[in-house]
Amino acid sequence: MDFSWSDEQLALRDAVIEFAKGELNENIIEDDQNKDFPRDKWQKCAEFGIQGLVVPEDYGGMGADILTTML
């Protein structure tokens, strides 16, 4: 049995990392210390599609499996 990540999964991981570096890093230390995740960052995640990873495609999500979501 092959447990390797697919090229598509790795590309998604890389895209999410780049998104986070570019869009979520501002004031990250202060937000963490305050145990805060500002609404504007939450909205950016929604627009990027992170919240829709496990939502079926029929409902506008990506329909990703749990392992892809965890990656």
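Only heavy atoms go into these numbers, but all of them, side chains included; no hydrogens, no water, no symmetry mates.
With hydrogens and angles disregarded, no donor-acceptor distance shorter than 3.5 Å links the side chain of Lys21 to the backbone of Val16. Between the side chain of Asn34 and the backbone N or O of Glu30, at least one donor-acceptor pair lies under 3.5 Å. With hydrogens and angles ignored, the 3.5 Å screen pairs no side-chain donor or acceptor of Glu57 with any backbone N or O of Gly63. Here the side chain of Thr69 pairs a donor or acceptor atom with the backbone of Asp65 at under 3.5 angstrom.
The CG atom of Asp40 sits 10.0 Å away from atom CD of Glu23, with the distance rounded to the nearest 0.5 Å. The distance from atom CG of Asn27 to atom CD of Gln33, rounded to the nearest 0.5 Å, is 11.0 Å. Note: Met62 CE to Gln51 CD = 12.5 Å, rounded to the nearest 0.5 Å. Once rounded to the nearest 0.5 Å, the distance linking CD of Glu18 with CZ of Arg13 reads 11.0 Å.
Note on ring orientation: taking the six-membered ring where Trp is involved, the planes of Phe19 and Phe48 are parallel (angle under 30°, cut-offs 30° and 60°).
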Worksheet item: Hey, mind stepping through Ser6 and Thr68 against side chain to side chain contact (heavy atoms under 4.5 Å, CB included) and telling me if it holds?
Response: CA-CA 9 Å; Ser6 71; Thr68 300; over 6 Å; no

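Counting non-hydrogen atoms of neighbouring residues, nucleotides and ligands closer than 6.0 angstrom, the CH2 atom of Trp42 reaches no more than 12 such neighbours. Counting heavy-atom neighbours within 6.0 Å of Ile17 CD1, excluding the residue itself, gives a total above 12. Other residues, nucleotides and ligands contribute more than 12 heavy atoms inside 6.0 Å of the CD atom of Glu47. The number of heavy-atom neighbours closer than 6.0 Å to CG of Asp7, taken from other residues, nucleotides and ligands shown, is 12 or below.
Linking ILVMFWY residues whenever their side-chain heavy atoms come closer than 4.5 Å, directly or via other members, leaves Leu71 and Leu53 in distinct clusters.
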